[in-house]
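I have placed the structure first, in the form of structure tokens, so that the comments after it can refer back to it.
Both ligands and their constituent atoms are indexed starting at 1 by order of listing. None of the values given here were measured: they were computed from a predicted structure.
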Amino acid sequence: MRITKVRPLFTHEMIAKRVAELSDEISAIYKDEPLIAVCVLKGAVIFFSDLVRGIHNNNMLLGFLRMSSYGKGMDPGEIKFEWTLGTDIRDKHVLIVEDVVDTGHSMHFLLNEVRKREPRSVRLAALVDKHERRDADVHVDFAGFQLSEGFIVGYGLDHAEHYRALPDICVVEAVED
Ligand code: IMP
Ligand code: MG
């Protein structure tokens, strides 16, 4: 049996308040202009579903994409993603919604791919903007929380696919199998 000890870092109350603030900020920027909000699976799924429900935009569509994970030091050119938007993003505003920006390689790659498709604009929302290992130049337009160091789980974020359903964002203190 898996025994886990986790310590909440950002509680569900803190998250709810912060995500509502981001939704309001995003609503004010786009108003009713055509917008495609794109969830980067799987990590952003819970953040995305809370965030988009607070965005007031009558012309917003939802898209989903899956990026393959990769280890430290791997060539960013080898990042793969599955694009299942089902719609042309040309001349539309695109809002990428990601869980964590860490080294920045994933989002640097994805933002370039999105720009090639000639959207009207592309912005990035990330639940957590981590700084310790930042390597690629990525601007996070809407950041939920800043974190200088550490590995976090919960509210969609995983460690080897575990802990995604925790309501709080937590630090893992001990795992016994
Ligand atoms: P990158 O290093 O910015 O390319 O981030 C790669 C991916 O690693 C992110 O999209 C997250 O899914 C994952 N990741 C990075 N740091 C954490 C963490 O602290 N918890 C869970 N996932 C993380
Ligand atoms: Mg991710």
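- Atom numbering of ligand 1 starts at 1 in the shown order; those under 4.0 Å from a heavy atom of Asp99 are 9 (C), 10 (O), 11 (C), 12 (O).
- Residues His105 and Asp135 have side chains that bring a donor and an acceptor to within less than 3.5 angstrom of each other.
- Between the side chain of Asn57 and the backbone N or O of Lys31, at least one donor-acceptor pair lies under 3.5 Å.
- In the vicinity of Asp158, heavy-atom distances shorter than 4.0 Å reach the ligand 1 atoms 21 (C).
- Ring geometry for Tyr155 against Phe47 counts as tilted: the plane angle lies between 30° and 60°, on a 0 to 90° scale.
- The shortest N/O to N/O separation between Asp102 and ligand 1 falls below 3.5 Å.
- Counting only heavy atoms from C-beta outward, the side chains of Val172 and Phe151 never approach each other to under 4.5 Å.
- For Gly43, the closest heavy-atom approach to ligand 1 does not fall below 4.0 Å.
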Exercise for the section: Begin from the C-alpha positions of Glu98 and Leu124 and carry the test side-chain contact (heavy atoms from CB on, under 4.5 Å) through to its verdict. Expected result: CA-CA 8 Å; Glu98 167 67 317; Leu124 174 62; 4.1 Å; yes

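- A donor-acceptor contact under 3.5 angstrom links the side chains of His93 and Ser121, judged on distance only.
- Evaluated by nearest non-hydrogen atom to atom 20 (N) of ligand 1, the leading choice among Leu157, Val171, Ile152 is Ile152.
- In the candidate list His159, Glu149, Glu98, Lys130, Lys130 is nearest to atom 19 (O) of ligand 1, counting heavy atoms.
- Geometrically, ligand 1 and Phe151 share no nitrogen or oxygen pair separated by less than 3.5 Å.
- Close approach of ligand 1 to Thr103 is summarised as follows: ligand atoms under 4.0 Å from at least one heavy atom of the residue are 1 (P), 2 (O), 3 (O), 4 (O).
- Atoms of ligand 1 found under 4.0 Å from any heavy atom of Ser106 (numbered from 1 in listed order, with element): 1 (P), 4 (O), 5 (O), 6 (C).
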Practice task
Any chance you could lay out the side-chain contact (heavy atoms from CB on, under 4.5 Å) test for Val100 and Leu127, step after step, and finish with the verdict?
Solution key: CA-CA 6 Å; Val100 180; Leu127 178 63; over 6 Å; no

